[in-house]
2 protein chains.
Amino acid sequence: MLGNGRKVKTAPMNIRENIRPGGRSARVQASVHKAVRDLLSTMDRGDVTIPLIAAEAGVTPSTIYRRWGDLQELLADVAVEHLRPDAPPKDTGSARTDLELWAEQYADEMASGPGRAMIRDVLSSTGTETRNAGKCCGYTREQLQAIAARADDRGEAFPDVETVIDHVVAPIMFRILFDETPAAAGQVRLLVEKVLPER
Amino acid sequence: MLGNGRKVKTAPMNIRENIRPGGRSARVQASVHKAVRDLLSTMDRGDVTIPLIAAEAGVTPSTIYRRWGDLQELLADVAVEHLRPDAPPKDTGSARTDLELWAEQYADEMASGPGRAMIRDVLSSTGTETRNAGKCCGYTREQLQAIAARADDRGEAFPDVETVIDHVVAPIMFRILFDETPAAAGQVRLLVEKVLPER
DNA sequence: GATCTAAAGGCAAATTATTTGCTTTAGTAA
DNA sequence: TTACTAAAGCAAATAATTTGCCTTTAGATC
């Protein structure tokens, strides 16, 4: 610990974990996020610009440039917020059906038009401060851990979470990103089948 | 801008399968590609702009805007060219070692700094929808098919190419894209082990 | 080879986005 | 309250992008 008592000048401040979360900052952030969501739902993604968002949010463009840096960072920020799950995976009574249901929903959401767009936004942000893609992966891990924990409580066998990520989540995501044909529900079930221990 | 206020964003022709591939077009394309490569190797990715590339390539910025549309499309175009394999996978004598070697090289190349950057460029190009990413996936498929065909010639058992993509390629790529920790060589070998039939 | 046609490139003006210096506002803590 | 300062606003300066118009040239036809 250096302890020289000098305040380190935090350069461009963290976007999400705000240093000063009080009133105005939060209001501006909410307003800008809402503007982005509204504009994206109305118009073509390629036509959305920062000056446009600023106008919609009732804010000066320079505010957005100073806080987010550029359009991609802002879009990624908004996307991550949307990709955060709002509830733990549904409890269907067994780990097998829990995972099947979760994986099918995951595949559907991510393969949808808005889903794909959000993934792209998250992946193309270069901000090293806030690992956006890492956060998404973290959300997924949490969801799977919840399923695994319930399986454990019930005394059911369940594979390691990393195994599920490698052999269920990764194939689904790979096909969404690189292939024109997303995995169908049947294929997802097959992937799940494969990682689960023998019945 | 008149009327409906919608930007028409004239589709920049097909970039790669050129309608007119003769002399000058080809020369300009080569020159621009080279400029991009040179600049990316010299400076920070965020500082590369189209006017800069144009100056380096000895063309007018508007030429680039007209042909590629924007920086992301151009970067994606250059990246795809680099990601195209220059030779079939090395023949090591057995399908197992062929696949092991190929997968380890694939993981290394893709996880490297330039590799990651190229993947990001390819994925964030929106112009031709999934075309660019699809091409990369196509290259991978071809490489795997070559290995599979050789296995077949030798009378060795070998899994379906799609299975290899799901359970070897996808996990490697997923971790590169979403996780901070790329798969290590040992983990890659483990993935390969899993998809190969029992010895 | 000569001629024609249109795609693609160059140039420059017009537009739009981004950066930046300075000022003002408003949370936070003494 | 007052002092302090991060964050927002404003506006001028800079840079990127779009566009119209003109020139060059690849590719086709004779």
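Numbered from 1 within each chain, the chains take letters A, B, ... in sequence-line order. Just the heavy atoms: all of them, side chains too, but no hydrogens, waters or symmetry mates, feed the values below.
The separation between Tyr65(B) atom OH and dA17(C) atom P is 13 Å, rounded to whole Å. Put simply, CD1 on Ile64(B) is 16 Å from P on dA8(C), counting in whole angstrom units. One interatomic measurement links the two molecules: CD of Gln29(B) to P of dA7(C), which rounds to 18 Å at whole-angstrom precision. Regarding Leu74(B), its CG atom lies at a distance of 11 Å from the P atom of dT17(D), rounded to whole Å. Between Asp47(A) atom CG and dT18(D) atom P the separation is 11 Å, expressed in whole Å. Ile53(B) has its CD1 atom 17 Å from the P atom of dA15(D), to the nearest Å. Atom CG in Leu71(A) sits about 12 Å away from atom P in dT19(C), given to the nearest Å.
The side chain of Thr60(B) has dG10(C) as its nearest neighbour among dG10(C), dC10(D), dA8(D). Set against dG10(C), dA16(D), dC10(D), the side chain of Val59(B) has dG10(C) as its closest nucleotide. In the set dA7(D), dA26(D), dG9(C), dA7(D) carries the atom at the smallest distance from any side-chain atom of Ser25(A). Proximity note for Ser62(B) (side chain, C-beta onward) versus dA16(D), dA12(C), dG9(C): the nearest is dA12(C).
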Protein and nucleotides 21-24 of chain D: nitrogen or oxygen contacts under 3.5 angstrom:
{"from": "dT24(D)", "atom 1": "O2", "to": "Arg24(B)", "atom 2": "NH2", "distance (Å)": "3.1"}

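Leu75(B) and Val36(B) get closest at one heavy-atom pair: CD2-CG1, 3.8 Å. For the pair Met173(A) and Phe178(B), the tightest heavy-atom approach, listed with the atom from each and the gap, is CG-CE1, 3.6 Å. Val188(A) and Ala107(A) make their closest contact through CG2-CB, 3.8 Å (heavy atoms, listed as atom of the first residue, atom of the second, distance).
Checking the phosphate oxygens (OP1, OP2) of dA8(C), no side-chain nitrogen or oxygen of Arg67(B) falls inside 4.0 Å. Between dA8(D) and Thr63(A), no contact under 4.0 Å exists linking OP1 or OP2 to a side-chain N or O. Side-chain nitrogen and oxygen atoms of Arg27(A) include none within less than 4.0 Å of the OP1 or OP2 phosphate oxygen of dA7(D).
Comment: Arg131(B) does not engage Glu180(A) in a salt bridge, judged by the lack of any side-chain N to carboxylate O separation of less than 4.0 angstrom.
Two residues are said to be in side-chain contact when any heavy atoms from C-beta on lie closer than 4.5 Å; Arg45(A) and Leu40(A) meet this criterion.
Of the residues listed (His167(A), Arg175(A), Gln187(A)), the one engaging Asp166(B) in a side-chain hydrogen bond (donor to acceptor under 3.5 Å, both in side chains) is Arg175(A), and it is the only one.
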Show your reasoning for whether salt bridge (Lys or Arg N to Asp or Glu O under 4.0 Å) applies to Asp77(B) and Arg67(B). CA-CA 11 Å; Asp77(B) 191 36; Arg67(B) 266 184 83 163; over 6 Å; no

